[in-house]
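Indexing begins at 1, ligand by ligand and atom by atom, following the structure's order. As the structure is a prediction and not an experimental result, all values here were calculated from the model.
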Amino acid sequence: MYFVEVILPLSLAKTFTYRISETEFHFIKKGMRVAVPFGKSKMYTGLVLDIHENAPNLYEAKEIHQILDEKPIATEIQIKHWLWIANYYMCGIGDVYRGAFPSGLLLESETIISHKPDVVVNDSELSDDEFLIYEALHHQSSLKVQDIISILNKKNIFPVLQKMISKDIIVLEEEIKESYKPKLVRYVKLHSKYETDEGLGQLLEVLKNANKQKEIVLAYFQLRASEKKPVTVKNLVEVSGSTTAAVKALVDKEILEEYFIQHDRVSYEGKVSEKQLLLSDAQENAFTAIKESLIEKEVCLLHGVTSSGKTEIYIKLIEEYLLLGRQVLYLLPEIALTTQLVSRLRLHFGDRVAVFHSKYSNNERVEVWRQTLENSEKAQIVIGARSALFLPFADLGLLIVDEEHEQTFKQVDPAPRYHARDSAVVLANFHKAKVLLGSATPSIETYFNTQTDKYGLVSLKERYNNVRMPEIVLVDLKDKHFRKKMTGHFSDLLIEEIAEALSLGEQVILFQNRRGYSPIIECMTCGHVPHCQQCDVSLTFHKHKNQLRCHYCGYAIAKPTHCHSCSSIDLTTKGFGTEQIEQELISLFPKAKTGRMDQDTTRGKFGFEKIIDAFKNREIDILVGTQMLAKGLDFDNVSLVGIMNADNMLHHPDFRAFERSYQMMTQVAGRAGRAEKQGKVVIQTYNPNHNTIQQVTTNNYAGMYKEQLYDRQIYKYPPYFRIIKLTLKHRDFDKLKEGSMWLYQVLSQNLSMPVLGPEEPAISRIRNEYIRTILIKIPQNLPLGGTKKTIQKILNSFEAVAQYRAIKVVINVDFY
Ligand code: ADP
Ligand code: ZN
Ligand code: ZN
């Protein structure tokens, strides 16, 4: 008898054994998908992990329904990496599998499919099965895979569905909700009737008396000749010094034709810019040092100040690995940053750059999946946020993790709760590849690894093109309040600086930390503050929607007209968020155009990109925003950055609060002064003498590192201790309290290391579930694997206690 060991896309640590026939046994390979029955009536797409002849002894193996691939679709290294992730981050291999595969490749009986809107299908091109499904979807807008099984009256339907998905006839329901269409960019080209030589003559005739228009057309030719890529309307307007209206007039006159391309899909017509990239001396030195370091070491950190030109160095390094024919993975902390980077990389590498992220459609993701598997030319460089780490790379040579300090590299929910930077280092090891980490403000952990010689270190201390580091000015808020020099949240100095920048036509960024200061509504009579019904938080006031919202569960109500507790109508708003800053700005600078970038305004499909583009195009003078501003954006006209209140970051109850405050302030400050002019940063604070603020002011990374490292050792935190955080949740307060105490006691009795808790977190109830946390601190010198095994065993016994079984436990290894 023949068997396969299969991973199912469920939150399970186990693999399952299924029976296969002898023919299948000779055909099937590790890394192929199989459709398998599970439970009473479910069907899943499983992945073959192993092929063997050992029957399971606890259950009778069922037969697989069918093999879904001709060739393996996952590689052995990839699966090995998943197993490492499951083991290290203490989750099921099924969690990793589910998170790794594009859902279009993971059909199951519960998957809901719909027909794609606006697609006209030629009936005659459909097979009989396809036609039946297509028909059924016209009567019912969506169907479960299970329903289709009964419609076709057969089990083996995944291949049919797969085919229809790839033909773009049907889509998974989840996609319709979140389908992502990158921004369309407007381009122009010469109208086809003028494309011939005699056409050009005619064109000159037409434009004889229209000098302004002639200039635009000449600028168009000039751009075509120099840049060798499609011409955007924006570019043309800039170069010709005209207006969009003037270009539009040429389109109306049928001299130019306009067309649209998705911004990150721009094809460069195979013509890559032939300009050799010239590195500055400092960049060149760093580049050489990185290469030398990577001969010996597997990982190197490029610690380069903001705007030192790290990206250009990455590009040079990528070139070398491409010459060797190896693949490159470039990880970014934020999907929204990909557009900028992709345009930059495509200039050098043309269509060898592929993008992979969760907001792309299934078909697009499947395409990149296959391209990396086949080591295709078209995906030699893959850019993506953390999930790109799970692609089936055939021969990965280099991994770049840009802004490696960003906490978004750690996945919070759902499992696997992995850190993409750390998992990248492991993946590199499996591929015998190298890793370059880059940051202006490296994480303490990474810097520690360079100081202990585990990683190489290359520093780049000057900005590209001799741009000076910004001047940082501190404003003492206590003093300003005392002297009555504040207007709302703005000090007189900040107002003056903004006025000056605006008068020079320069742009301003104002940073307001999201945490802690959400505006709320308070009753002036009884002090009542409306809270979420399901979560232990006050509702946040959103002025533009006139709503109160819960940031944890999305619960929303209209702004009350009277107090829910005492019926008084005397209500006031408190706290200060970006919205309030923006309001104040409007009254301070009524003529300036302001914009806001925070969770609210970037929630929509292209929210983030729209705002970035508007700011880049100088349609916005002052941009108010939160953390997102700190993420490696490159603006060329920002001369002033204001940090509204440095203190709420510093006082966050978190062992990384000072490190993060340093990173955030330094990164935001780094947006200032990119051009020939030195930028200015104004930091408003009640604690101008705070060490961290002083370190930011003097650009003293080393000082920050030393101080924080000392604290980490004293208070038992990373890099000296590894932290595992357990989060327990249940609807019943008393049961949770009892259960977490039980778990805490058993853990501390069995582990010879600090176990803290069970603690009630600051927000102790979300979506009606109460929460308790337990922290385990594992010293570096104790074996991690053994400790985790003990913890897992204890968790298993916890689950075996009948009255605690319903308590959910979430494990977060290397909790961030
Ligand atoms: P960082 O990522 O280190 O903050 P960037 O890579 O964004 O810095 O570079 C800052 C700016 O300098 C960018 O606008 C970039 O185009 C420019 N730049 C950097 N190096 C070069 C170079 N060698 N040649 C031309 N422009 C460069
Ligand atoms: Zn009241
Ligand atoms: Zn809520």
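Glu334 pairs by the side chain to side chain contact (heavy atoms under 4.5 Å, CB included) definition with Ala336, Leu337, Lys631, not counting sequence neighbours. Here Glu522 pairs with Lys574 under the salt bridge (charged side-chain N to carboxylate O under 4.0 Å, His left out) rule; sequence neighbours left out. Legend: residues meeting side chain to side chain contact (heavy atoms under 4.5 Å, CB included) with Ala440, ordered by chain and number and at least two apart, are Thr306, Lys310, Gln667.
Near Ser308, meaning under 4.0 Å from one of its heavy atoms, ligand 1 places the atoms 1 (P), 3 (O), 8 (O). Listed by number with element, the atoms of ligand 1 under 4.0 Å from a non-hydrogen atom of Leu278 are 22 (C), 23 (N), 24 (N).
Residue Lys310 has at least one nitrogen or oxygen atom sitting less than 3.5 Å from a nitrogen or oxygen atom of ligand 1, judged on distance alone.
Between Asp636 and Arg618 a salt bridge is recorded (basic side-chain N to carboxylate O distance below 4.0 Å). Taking 4.0 Å as the cut-off between side-chain N and carboxylate O, Arg421 and Glu404 count as a salt-bridged pair. Taking 4.0 Å as the cut-off between side-chain N and carboxylate O, Glu760 and Arg772 count as a salt-bridged pair.
Here Tyr701 and Tyr447 bring their ring centres to under 6.0 angstrom of each other. Aromatic pair Tyr816/His419: ring centres closer than 6.0 Å.
Inspection of the environment of the Zn ion (ligand 3) yields the following protein N, O or S atoms under 2.8 Å: Cys532 SG, Cys535 SG, Cys550 SG, Cys553 SG.
Between Gly309, Ala282, Ser307, it is Ser307 that holds the heavy atom closest to atom 4 (O) of ligand 1. By heavy-atom distance, the residue among Arg463, Arg344, Glu284 lying nearest atom 16 (O) of ligand 1 is Arg344.
For Glu759, the CD atom is loosely surrounded, since the number of other residues' heavy atoms within 6.0 Å does not exceed 12.
Contact annotation for Thr306 and ligand 1: only backbone heavy atoms (N, CA, C, O) come within less than 4.0 Å of the ligand.
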